[in-house]
Trainee: 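Dropping a structure here in structure tokens format, bear with me for questions.
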Amino acid sequence: MEQSRSLQVILTVRRALVVLLVVVAAVCAYGSVLAYWADTVLLDTPTFMRAIEPIVDDDGARMQASTIISDAVMDVIDLRQITELVAPDFDIPVIDQLAADLDSLVRQKIEAAVGTDTFGDLWLGEMRRWHIGLVGAVHATTDESVTDGAEIRVALGPYIDLLIEQAESPLIRRLITGLVPDDIRRMQVVVFNAEPVADRLELLRLLERARPYLPWATAVALLLAFAAAPQARHALLGAG
């Protein structure tokens, strides 16, 4: 009776061990596939750039970037606020009309500029630079970060110059030229945020370091599960 009870305990322990080993093998197999994808797709710059090109060429993404830049320009060229500072007695309806004309001009010209191949090439160039920094940080032996490169930015200067050049109203040209300081021209706005990837830097490092060992860990766990199963035909099911 005692011997039968001991045998039952051993069988129960072996079944539990087999289940645990099968779970470990499944986790390692999943990690191996994920690590392979990260190495051959996410961390391979040419492959990553081919995957990101449709996003850069997407009309919705371009429109979002255009809106962000236009809003930023209108924030720094606030005709109503500027007029209140330099000419508080100026006719308000005239200023309102000028502000409406300027807003229309800003959005029209910036949308056209963002839609050009030049802007697309700039965007892709910044994405390539960021990705090279990400790959370097993943493979680095020290605790490097890509936080500074997680945001793709563009300077407002070229867009303000574009508005000055193409504004039909001489008054608008004079206002922009005379009242927008140089430090505003150097101001940058974010048109793409890659922080969701950068925030997973530690996970990517772990996958990269474990990648050579994960297939072996999967195979060893399955072999041990097969050996530990009370009945060999049950080994692959994780029970005995």
Side-chain angles (χ1 to χ4, degrees), residues 41-83 94-135 146-200:
V41 178
L42 186 59
L43 298 180
D44 181 73
T45 299
T47 304
F48 179 83
M49 294 307 300
R50 285 194 297 270
I52 208 72
E53 279 182 10
I55 298 177
V56 175
D57 292 334
D58 180 70
D59 291 339
R62 294 281 185 118
M63 182 60 67
Q64 183 178 6
S66 173
T67 300
I68 292 172
I69 298 171
S70 299
D71 289 345
V73 171
M74 290 307 300
D75 284 343
V76 301
I77 309 176
D78 189 337
L79 288 185
R80 293 180 181 88
Q81 183 177 4
I82 291 172
T83 305
V94 174
I95 292 300
D96 288 342
Q97 183 60 48
L98 284 173
D101 292 343
L102 179 60
D103 185 85
S104 177
L105 173 70
V106 165
R107 298 188 185 281
Q108 177 187 352
K109 298 305 179 182
I110 290 180
E111 182 179 345
V114 170
T116 62
D117 291 339
T118 301
F119 184 84
D121 292 342
L122 171 65
W123 199 340
L124 286 174
E126 289 297 316
M127 287 298 299
R128 179 179 294 275
R129 181 189 63 79
W130 172 84
H131 190 264
I132 291 173
L134 172 68
V135 174
V146 292
T147 303
D148 293 339
E151 297 177 340
I152 308 305
R153 300 171 176 270
V154 296
L156 294 183
Y159 297 97
I160 293 175
D161 292 337
L162 176 68
L163 298 175
I164 295 173
E165 178 184 344
Q166 300 191 10
E168 295 180 359
S169 169
L171 178 57
I172 288 180
R173 286 200 297 269
R174 287 197 298 271
L175 285 171
I176 297 175
T177 304
L179 299 177
V180 177
D182 290 338
D183 58 339
I184 295 298
R185 296 175 182 275
R186 293 190 292 270
M187 177 181 170
Q188 296 182 331
V189 294
V190 177
V191 294
F192 184 83
N193 194 329
E195 285 184 358
V197 178
D199 289 344
R200 289 163 176 78

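Values below: all heavy atoms of this structure, side chains included; hydrogens, waters and symmetry mates excluded.
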Trainee: Going from CZ on Arg107 to CG on Asp71, what distance comes out if it is rounded to the nearest 0.5 angstrom?
Mentor: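 Answer rounded to 0.5 Å: 4.5 Å.
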Trainee: Could you tell me which residues satisfy side chain to side chain contact (heavy atoms under 4.5 Å, CB included) with Glu53, sequence neighbours excluded, listed by chain and number?
Mentor: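 Result, side chain to side chain contact (heavy atoms under 4.5 Å, CB included) vs Glu53: Leu124.
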Trainee: Please name the pair of heavy atoms, one in Tyr159 and one in Ile110, separated by the smallest distance, quoted to 0.1 Å.
Mentor: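 Tyr159 and Ile110 have their closest heavy atoms at CD2-CG1, 4.0 Å.
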Trainee: Test of understanding: with side chain to side chain contact (heavy atoms under 4.5 Å, CB included), list the residues that count as partners of Pro46, not counting sequence neighbours.
Mentor: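 Scan of Pro46 (side chain to side chain contact (heavy atoms under 4.5 Å, CB included), adjacent residues dropped) gives Asp44, Arg50.
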Trainee: What's the spacing between Ile55 CD1 and Met127 CE if we round to 0.5 Å?
Mentor: 7.5 Å
Trainee: Let me see the working for Lys109 and Leu105 under side-chain contact (heavy atoms from CB on, under 4.5 Å), right down to the final yes or no.
Mentor: CA-CA 6 Å; Lys109 298 305 179 182; Leu105 173 70; 3.6 Å; yes
Trainee: On a heavy-atom basis, which atom in Ala61 and which in Trp123 lie closest, and how many Å separate them?
Mentor: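 That would be O-CH2, 3.9 Å.
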Trainee: Just verifying a value: how many Å separate Asp58 CG and Ile52 CD1, rounded to the nearest 0.5 Å?
Mentor: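 Here the interatomic distance stands at 11.0 Å.
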Trainee: Drop me the distance from Thr45's OG1 to His131's NE2, to the nearest 0.5 angstrom.
Mentor: 4.5 Å
Trainee: Looking only at heavy atoms, what is the nearest atom pair of Ala113 and Leu162, with distance?
Mentor: CB-CD2, 4.0 Å
Trainee: Which residues satisfy the side chain to side chain donor-acceptor pair (under 3.5 Å) test with Arg62, sequence neighbours excluded?
Mentor: none
Trainee: Give me the atom names and distance for the closest heavy-atom approach of Val135 to Leu43.
Mentor: CG2-O, 3.4 Å
Trainee: Thr47 and Val41: which non-hydrogen atoms are nearest, and at how many Å?
Mentor: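 Shortest heavy-atom contact: CG2-CA, 3.9 Å.
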